[in-house]
Every structure is written in C-alpha cells, then in structure tokens.
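For the numbers below, each heavy atom of this structure counts, side chains included, while hydrogens, waters and symmetry mates do not. Counting begins at 1 with the first residue of the sequence. Here the structure is a predicted model, which means the values were calculated and not measured.
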Amino acid sequence: MLKYLYISCVCVLHALLNTSHVAGRDFTRQDMADYRERIKSMFYHAYNNYLENAFPYDELRPLTCDGQDTWGSFSLTLIDALDTLLILGNSTEFQRVARLLQDRINFDIDVNASVFETNIRVVGGLLSAHLLSKKAGVEVDVGWPCTGPLLRMAEEAARKLLPAFQTPTGMPYGTVNLLHGVNPTETPVTCTAGIGTFILEFATLSRLTGDPVFEEVAKKALRALWKTRSEIGLVGNHIDVLSSKWVAQDAGIGAGVDSYFEYLVKGAIMLQDEELMLMFSEYDKAIKNYTKFDDWYLWVQMHKGTVTMPVFQSLEAFWPGMQSLIGDLDNAMKTFLNYYTVWKQFGGLPEFYSIPQGYTVEKREGYPLRPELIESAMYLYRATGDPTFLKMGCDAVESIEKISKVECGFATVKDVRDHKLDNRMESFFLAETVKYLYLLFDPDNFLHNSGSQFDTGGVLNADCILGAGGYIFNTEAHPLDPAALHCCSRRQQEFLEVEEMMLDLKNSHLHSRSPNNIGQTAQGETKNEIEIEPVTESDKKKMKAPILSCPSQLFTTKLSVLGQVFSDDT
C-alpha cells in the first residue's frame, strides 16, 4: 500500500522531494514572509474589487471599475479564484464562495462557450475546489471525494461540452452552445491545444463519478491528434476536426499548441499512463531536432522543419517548468534564463518577441499579466533551490505592482514599451499568476507536501489516502489530487460489482417464477400486475449516462477562431 501511495501521490515530481525548505542564500525567512504578505495584498486588492465592482460578471474591468462577461457568464473570476483562497489560508471565504456558486451558477444557458476555456477554468476550478473542500473545513457528503455538490457542478459543466466531441475524428469543435449543442455554422477548425487539453479534468471526472465517457472522449481526441503528426514528428497549429487536415502548419510550443504537450506529461504522471509519456517523448525529440536554436524554440513548417517565425511567445514560458517534471533541468535552466532576460528588458513578457531583432513584434506588444514564467520559476525553485528564481519572483511582484496596479484592481499591460494599460483583468491573474507567486515564496504550503502528512478514510474503503502531495496543476493552475482517483476507482468498482450481483439476482428470481405463480398472493388470490422483463446486457448499457449529441448537420468552412492563426501564407 505504501509503495502505491508513493507512486501515485508523491512521485509526481521526484525532484521536488529533495527540495530544501530553507530560503535561498540571498533571501531570509523574513524576506520570504514579507513577499507572501505583499502577494496576499495583491490578491485581495484584485479580488475585493472584482466582488465590489464586477460580480456576477466573468471579469473585472479595472480602469472603469465595472464588469464584463467574456467566456460564458459563469462568474468566472470567482470560480478561478476559489482554490487560491484556500492556498492563501482563507478557509472562511472559500466556504462562503463555494455555497454562493452552488446557489447561483446555472449551465442551462443559451451561450456559445469555448470548449477549451470552459474545461480548464470552470470544470478544472470546480474539481479542484471539490477535492480541497474537506481541507477547507467544508462539511462534505458521505462518500466524499466520490460525491459532492461541486463535483456535480463540474460534471454538469463537462456534459455540456460533450457534443463538441461528436465528430468523425473524435477531435472536438472549439465552441459549443451550452443549451443547444454545436451550432450548425460552427467552424470545424480547432487549435491543437483545444483538442489535446482535456485528459486531466476529464479523467479526474470519470474516476470520481464512475462514468467513463469523459476519459474516453479525451483519450480518443489525443489518439486522433497523435495520428496526424507529420513525417518528421511535428504537429501544426490548427486542424480541421472533420477531415483531420492541417489548416495552419506552423509547429512550435507556444500559442495554440502549448497545453497539448503539457497535458501529455501531466496526464502520464497523474494516470501512470505510459502511452501518454511515449507520445510526449517522441514529440520532445522532434521539437529539439527541428525547433530548438541556442536554447530558444522557434516556429517551423511542420513537414519540412524550415523556420517560419523566429519569435518567442510569452505562452512558451511554461516549457522550462514542464521540463523540470521530467528531470530535464539543464535544458530547463538555460531556456528559463533566456526568457528571463526578456522579462528584465520590459518588466513583463510581450506576447511576441523577435529573437533576431531582440524586440517586440508589431501588434503583439501586450502583457496580460500571464503566469507562465512565474510558473516555471516556481517549479524550478522547488527542484533546485536556486535563489535566481526567487529573484525573478521579486521582479514580478515589483513590476506588476508598479505598472499594472490601479484603483480598481490590476490592468492588462497594453504595450510593454510604454506601459500603457488596457481595461481588462483576466481571471487567470487570480487563478495562476498570484497563486504561483505565492507558492514560490511559501515553501511550507500544503501543496508542497512531500508525503509526510496525509488524510485517511472519508469513503467506503478505509485505506484511502488523500492530501499526501503530488498535486497535479491543470493548465489554469487548479491543483488535482491523484490519490482521489484511486479512492473513487475502488469505490466505483465495488459499486459496479454489487450492482451486477443485484441484477443477476433479479434476473434469476424472475426466471424462477412460473407463469402459474405470477400474480398469486399468499392467499391464492390474483391481482393485476405489469410483467417485468428480465434485465439484458443492452439494458445495462442504457443505464449509463448518455453522451449528449446533436443531429448531424452540414457545416460551413468559414474560419473563425480566437487568437492568431499561422498558415503557410503568413
């Protein structure tokens, strides 16, 4: 049992187990504590202004002190910030917000929602909050973590996304209407990340609820995408999910692709899945062979390997942190230092940075307070203890406070060259940026647990171990506990076995009753009854929750996607 726990809970980042809990050479424990307090102040300045000026809208507009819906009218910032509250130590507010979300959030709405964003922010946020509920002092249901109101909300949201996966390839559409399913005019073109970024949330949901459909569709999409890689082992940026033809053939590790690679690694760790790790290992070889130049990663043509865009994108900054998960620390350090030089040049990472020119790219000069470089700093500091990463965290705190802080929150930097601001504070600022900053300076946070502390029981099997460490962050920084999957997998298996026994007994009882005995009472009187048919294997399949679907309809070939699409003509 102990061996299993260390495999499924603690080995997630074996490098992290050797982490020193003593601050770096240039940082005292008091320095660390001071920065934690500053980061908390940042969080509450943004959070309180959202509650006062923007709730129940999705996001805060900090320059005009009001709110707007952006990704589906879910009060998204509140969902995204929920687990951050607990990580900062605020159990009381966690409990209040959890109750508030249960009372207010409704997914039966006529809204076109991004399948990708709804999954990582809403489904991921609710799953994480559900798994952290007991630690937050919430009175959980009997059978938790395999049941609970936040889990039911996550399942409801995920079911609204299932129609998007009903394609000939199994790769999902990018947008779905939460009430009506896929719009008949919806473009079949989806970015690579929008296909390959479901396995963490959907597998967690399947293992907790016992319904395999979520994990199955996520796995099918990953396998379908794997089959489309080029002869040199690369994938492009956007693909037609009906025909499997690549629309944008630029290969890289940034926008439109990034979290696909991230989920192969994290999915392999969380599920102990060799197939996913094999996929990533093959991609990693091709990426190093064709896109890596002097510890930068460029964009290349997926079939030829020729450079198409010699740029660094801010979303690529997750890569060094992900490399630390597989122990590739040497390459991770070198690439991180390259990215850090860009941060120091501008006080933030521009969306695009021309490597040959050493400057921003036109119309891509903004910094929307993204977390990726801070995320990598957190992982690498845990793995190495090098104070360079604490210094990066200090720079981030100073820059964000100096450049982005306004009366009603923190504003997106419209242009890193002159630090002009834009009227938006994305929900990931509270879900990711502040969270990773805080965890960087909080070596004793419960999320950094090395397995020395854990909870037992809580479900039908007494040997269930929870909270032992090895948390897996989804791409929106929502932590998931892999041990819970084991607890509920056993519980669901036991439930299915009991259900199977009951069905067999029922069928046996029905077959044993002769026609002459049907309808006879103890006194030999006859009464009217509806004859019960035996339960068949077909009936058992029908008992499972159905996959939501829409009638097959013709689709237009218009291209309508968020963000920039890279094609051979650009």
**Q.** Criterion side chain to side chain contact (heavy atoms under 4.5 Å, CB included) on V406 and L421, from CA distance to verdict
**A.** CA-CA 10 Å; V406 294; L421 301 178; 3.7 Å; yes
Q: Check whether more than 12 heavy atoms from other residues, nucleotides or ligands sit under 6.0 Å from atom NZ of K292, and answer yes or no.
A: yes
(Q) I'd like to know whether T28 forms a side-chain hydrogen bond (donor to acceptor under 3.5 Å, both in side chains) with D31, so could you lay out the CA-CA distance, the side-chain angles of the two residues, the decisive distance to 0.1 Å, and finally the verdict. (A) CA-CA 5 Å; T28 66; D31 292 333; 3.2 Å; yes
Q) With a cut-off of 6.0 Å (strictly less than), are more than 12 heavy atoms of other residues, nucleotides or ligands near CG of D294? A) no
Q. How many angstroms lie between OG in S314 and CG in L369, if you round to the nearest 0.5 Å?
A. 11.0 Å
Q: Output the distance between atom CD (E117) and atom CG (D58), rounded to the nearest 0.5 Å.
A: 11.0 Å
Q) M277 versus I326: any side-chain heavy-atom pair under 4.5 Å? A) yes
Q. Taking the six-membered ring of Y340 as reference, does the NZ or CZ atom of K344 fall below 6.0 Å from its centre and within a 45° cone about the axis?
A. yes
Q | N48 and E52: CA distance, side-chain angles, deciding distance, side-chain hydrogen bond (donor to acceptor under 3.5 Å, both in side chains) verdict | A | CA-CA 6 Å; N48 291 334; E52 293 169 10; 5.5 Å; no
(Q) Within the 4.5 Å heavy-atom criterion, are Y263 and I120 side-chain neighbours or not? (A) yes
Q: Taking all non-hydrogen atoms of both residues into account, name the closest pair between L131 and A484 and its distance.
A: CD2-CB, 3.6 Å
Q. With a 4.5 Å limit on heavy-atom distance, are the side chains of F352 and Q313 in contact?
A. yes
Q) Are any non-hydrogen side-chain atoms of N331 and K288 less than 4.5 angstrom apart? A) yes
Q: Establish, from distance only, whether the side-chain atoms of N449 and Y471 form a donor-acceptor pair under 3.5 Å.
A: no
Q. Can you tell me if CZ on F280 sees more than 12 non-hydrogen neighbours from other groups inside 6.0 Å?
A. yes
Q. So, for F94 and A136, which heavy atoms are closest and what is the spacing to 0.1 Å?
A. CD2-CB, 3.3 Å
Q: Could you tell me the separation between the CH2 atom of W71 and the CZ atom of R121, rounded to the nearest 0.5 Å?
A: 6.0 Å
Q.
Please give me the minimum heavy-atom distance between L380 and S324, naming the atom from each residue.
A. CD2-CB, 3.9 Å
Q: Side-chain contact test, heavy atoms from C-beta onward, threshold under 4.5 Å: evaluate it for H448 versus L439 and give yes or no.
A: yes
**Q.** Electrostatic pair E365:K414 at N-O distance under 4.0 angstrom
**A.** no
Q | Stepwise salt bridge (charged side-chain N to carboxylate O under 4.0 Å, His left out) test for R424 and D422 | A | CA-CA 6 Å; R424 189 175 185 187; D422 204 358; over 6 Å; no
Q. If you take all heavy atoms of V342 and P350, which pair is closest and at what distance?
A. CG1-CD, 3.8 Å
Q: Would you mind listing every salt bridge (charged side-chain N to carboxylate O under 4.0 Å, His left out) that reaches into residues 193-202, with sequence neighbours excluded?
A: none
Q: Report the residue from W319, F312, Y353 that forms a ring-ring contact (aromatic ring centres under 6.0 Å, His included) with Y297.
A: W319
Q) What distance separates Q323 CD from Y379 OH, expressed to the nearest 0.5 Å? A) 13.5 Å
Q | Check ion pair E93-R96 (N to O, under 4.0 angstrom) | A | yes
Q. Who pairs with S73 by side chain to side chain donor-acceptor pair (under 3.5 Å), at least two apart in sequence or on another chain?
A. D69
Q | Heavy-atom side-chain proximity of Q102 to M153 below 4.5 angstrom | A | yes
Q | Result of checking T84, L78, L88 against Y47 for side chain to side chain contact (heavy atoms under 4.5 Å, CB included) | A | L78
Q) Does some side-chain heavy atom of T192 sit less than 4.5 Å from a side-chain heavy atom of H238? A) no
Q.
Testing the basics here: between L222 and M279, what is the closest heavy-atom pair and its distance to 0.1 Å?
A. O-CE, 4.4 Å
Q: Starting from the C-alpha separation in whole Å, work towards a yes-or-no answer on side-chain hydrogen bond (donor to acceptor under 3.5 Å, both in side chains) for Q301 and T306.
A: CA-CA 5 Å; Q301 211 282 339; T306 53; 5.5 Å; no
Q) Do any pairs count as a ring pair (Phe, Tyr, Trp, His ring centres under 6.0 Å) and have a residue in residues 405-430, sequence neighbours left out, and if so which ones? A) H45-F410, F410-F429
Q. If only atom types and distance count, is the side chain of T341 paired as donor or acceptor with the main-chain N or O of N338 below 3.5 Å?
A. yes
Q: Output every pair passing ring pair (Phe, Tyr, Trp, His ring centres under 6.0 Å) with a member in residues 382-404, not counting sequence neighbours, ordered by first then second residue.
A: F336-F389
**Q.** F74 and F107: CA distance, side-chain angles, deciding distance, ring-ring contact (aromatic ring centres under 6.0 Å, His included) verdict
**A.** CA-CA 8 Å; F74 305 126; F107 298 112; 5.6 Å; yes
Q. Rounded to the nearest 0.5 Å, how far does OG1 of T204 lie from CG of L271?
A. 7.0 Å
Q. Taking atom types as modelled and ignoring hydrogens, do the side chains of T197 and S259 form a donor-acceptor contact shorter than 3.5 angstrom?
A. yes
**Q.** K135 to F446 six-membered ring, cation-pi geometry met (6.0 Å, 45°)
**A.** yes
**Q.** Y50: ring pair (Phe, Tyr, Trp, His ring centres under 6.0 Å) partners, not counting sequence neighbours
**A.** none
Q) Stepwise, does the side-chain hydrogen bond (donor to acceptor under 3.5 Å, both in side chains) test hold for D250 with T308? A) CA-CA 7 Å; D250 289 78; T308 57; 2.4 Å; yes
**Q.** Spacing of CG belonging to L161 relative to OG1 belonging to T175, to within rounding of 0.5 Å
**A.** 11.0 Å
Q: Would you please indicate if the ring centroids of Y283 and F261 are separated by under 6.0 Å?
A: yes
Q: May I have all residue pairs that pass disulfide bond (SG atoms under 2.5 Å apart) and include part of residues 367-444, sequence neighbours excluded?
A: C65-C408
Q.
Between F346 and Y359, is the ring-ring contact (aromatic ring centres under 6.0 Å, His included) condition met? List the steps.
A. CA-CA 10 Å; F346 297 103; Y359 208 61; 5.6 Å; yes
Q) Is any side-chain heavy atom of I374 closer than 4.5 Å to a side-chain heavy atom of E432? A) no
Q) Would R61 and D66 pass as an ion pair if we require N to O under 4.0 Å? A) yes
(Q) Does S91 form a side chain to side chain contact (heavy atoms under 4.5 Å, CB included) with L86? I'd like the steps, not just the answer. (A) CA-CA 5 Å; S91 299; L86 182 62; 3.6 Å; yes
(Q) Show the nearest heavy-atom pair for residues P479 and S128, with the distance to one decimal. (A) O-OG, 2.9 Å
Q) Any Lys/Arg nitrogen of R38 or E401 sitting under 4.0 Å from an Asp/Glu carboxylate oxygen of the other? A) yes
